[in-house]
Amino acid sequence: MPQLPAPAYPAEVRAKLEADAKEVIARYPGSRSALLPLLHLVQSEEGYVSRTGMAFCAELLGLTTAEVTAVATFYTMYRRRAGGDYQVGVCTNTLCAVMGGDAIFDRLKDHLGVGNDETTEDGKVTLEHIECNAACDFAPVVMVNWEFFDNQTPESATRLVDDLIAGRTVEPTRGAPLCTYKDTARILAGFPDQRPGAVGASGGAGAASLVGLKLAKGGTGSQTRVVGPRGEAPGDQPQKGAEHLSSHDAPQQTSASDPEHPAGPAAEEGE
């Protein structure tokens, strides 16, 4: 059935958003290029991209609501309905999955009593499985409002969500201090993080990433072994200066085929 037009923002909310939106639009030579940050901006107001937010973006950028909706529904960082203060994403892509990501996701679903993309009754945590976070050397990885929590286990991830729900301070493994989902959306819209020390917070790459970088630049990498043969202790120690170890040095035995049920060598066709 056709929907009624989206309701307008209250006057004071619209005035605030318009002022911020004009600042964003002014950064771009063409106004429609500001659509992505504007969607983050309206998400910072309501915690998701509502029909009202999409109509607001369309009006300011001279677009149709269909054009805005097409973008808002394409990118997974834009919510389509209200969620929790903390979006807990468990990477279940291939490497994180076999290193323990699937086990973490299953544990959190049971512990929180929610499924994928569902929110706890208190409105604190939204749980979802997400694709690769480009942090494979710290697998399995959990992200909370897009901040990294590396080398997780089902037990540590359970403690993490319990602390979030209880309101206890939680520190990411690296990167900026944690803030709410709405605050994160405003930062992603391009507005500076005003919290003391937040901008200077960062984290280094892991040993496995640094070895890959050395190889990409033409180095031999012969004096560094990050991962030991399966079933044996790791060989050399990680490169000096790495901030914390990669969990690849202690693989999680969570896959049914690894290492308890090895597939064995592949046979030639016809054998």
Side-chain angles (χ1 to χ4, degrees), residues 1-25 32-61 63-92 105 108-109 112-131 133 142-147 149 160-161 164-165 167 170 172 176 178-193:
M1 295 292 292
Q3 291 181 305
L4 294 173
Y9 283 122
E12 65 277 8
V13 173
R14 182 181 174 89
K16 179 184 66 174
L17 287 175
E18 275 192 358
D20 288 339
K22 289 177 181 178
E23 181 178 337
V24 172
I25 294 170
R32 67 181 300 145
S33 298
L35 178 55
L36 294 180
L38 282 194
L39 287 170
H40 282 299
L41 177 63
V42 297
Q43 186 159 253
S44 73
E45 179 63 34
E46 299 181 85
Y48 70 108
V49 179
S50 66
R51 292 175 57 234
T52 298
M54 288 189 282
F56 173 83
C57 292
E59 179 184 344
L60 265 64
L61 299 178
L63 302 173
T64 66
T65 54
E67 289 173 313
V68 175
T69 302
V71 174
T73 57
F74 180 84
Y75 293 102
T76 59
M77 291 181 74
Y78 300 122
R79 289 178 176 171
R80 296 303 312 281
R81 60 178 182 273
D85 294 332
Y86 299 99
Q87 183 161 301
V88 176
V90 181
C91 181
T92 54
F105 189 58
L108 292 184
K109 285 193 295 183
L112 297 172
V114 297
N116 179 51
D117 200 25
E118 294 181 356
T119 303
T120 54
E121 291 184 359
D122 58 11
K124 293 287 187 180
V125 170
T126 297
L127 178 67
E128 66 170 356
H129 74 83
I130 52 180
E131 294 299 323
N133 293 311
V142 173
M143 297 195 84
V144 180
N145 294 349
W146 312 116
E147 299 295 348
F149 291 81
L160 170 61
V161 296
L164 292 173
I165 291 172
V170 172
L178 197 64
C179 58
T180 66
Y181 189 82
K182 288 183 178 181
D183 290 336
T184 301
R186 182 170 177 81
I187 295 169
L188 291 174
F191 292 93
D193 190 340

- Here the pair of heavy atoms bringing Asp122 nearest to Thr120 is OD1-OG1, 2.6 Å
- Task: Step through the shown structure and confirm whether more than 12 heavy atoms of other residues, nucleotides or ligands are within 6.0 Å of CZ on Arg51.
- Result: yes
- Is a side-chain N or O of Asn145 found less than 3.5 angstrom from the main chain of Asp85, in a donor-acceptor match? yes
- Query: Which heavy-atom pair separates Lys182 from Glu45 by the least distance, and what is that distance?
  - Reply: NZ-O, 3.6 Å
- To the nearest 0.5 Å, tell me how far Leu39 CG sits from Phe56 CZ. 11.0 Å
- Query: Which is it for Leu36 and Tyr75 under the side-chain contact (heavy atoms from CB on, under 4.5 Å) test, yes or no, and what are the steps along the way?
  - Reply: CA-CA 9 Å; Leu36 294 180; Tyr75 293 102; 3.7 Å; yes
- Task: Identify the two heavy atoms, one from Ile187 and one from Cys179, that lie closest to each other, and give their separation to 0.1 Å.
- Result: CD1-SG, 4.2 Å
- Any Leu164 side-chain heavy atom under 4.5 Å of Lys124 side chain: no
- Task: Return the set of residues passing side chain to side chain donor-acceptor pair (under 3.5 Å) with Thr119 (not counting sequence neighbours), or none when no residue passes.
- Result: Thr126
- List in chain and number order the residues that pass side chain to side chain donor-acceptor pair (under 3.5 Å) with Tyr9, two or more places apart in sequence or in another chain; answer none if no residue qualifies. Glu46
- Query: Among Arg80, His129, Arg81, whose side chain to side chain donor-acceptor pair (under 3.5 Å) with Asp117 holds?
  - Reply: Arg81
- Interatomic distance, OG1@Thr184 vs CG@Leu178, rounded to 0.5 Å, equals 7.0 Å
- Using the salt bridge (charged side-chain N to carboxylate O under 4.0 Å, His left out) rule, take Arg79 and Glu128 through it: C-alpha gap first, then chi angles, then the decisive distance, then the call. CA-CA 12 Å; Arg79 289 178 176 171; Glu128 66 170 356; over 6 Å; no
- Task: Without swapping roles, check the side chain of Gln87 against the backbone of Met77 for a donor-acceptor pair under 3.5 Å.
- Result: no
- Message: Could you report the tightest heavy-atom contact between Leu41 and Ala21, atom names first, then the distance?
- Response: CD2-N, 3.8 Å
- Given the rule in the side-chain contact (heavy atoms from CB on, under 4.5 Å) test, do Arg32 and Leu63 qualify, once you have shown the distances and angles that lead to the verdict? CA-CA 8 Å; Arg32 67 181 300 145; Leu63 302 173; 3.7 Å; yes
- Message: If I compare all heavy atoms of Val24 with all of Ala189, which pair ends up nearest, and what's the gap?
- Response: CG2-O, 4.0 Å
- How far apart are the C-alpha atoms of Val114 and Val125, what are their side-chain angles, what is the distance that settles it, and do they pass the side-chain contact (heavy atoms from CB on, under 4.5 Å) test? CA-CA 10 Å; Val114 297; Val125 170; over 6 Å; no
- Does a side-chain heavy-atom distance below 4.5 Å link Val49 with Val68? no
- Message: Taking the side chain as everything from C-beta on, heavy atoms only, tell me whether Val170 gets closer than 4.5 Å to Tyr86.
- Response: no
- Give, for atom CZ of Phe149 and atom CG of Asn133, the distance between the pair rounded to the nearest 0.5 Å. 12.5 Å
- Between Leu35 and Leu61, the two heavy atoms sitting closest are CA-CD1, 3.7 Å
- Task: Tell me, please, which residues at least two apart from Asn116 pass side chain to side chain donor-acceptor pair (under 3.5 Å).
- Result: none
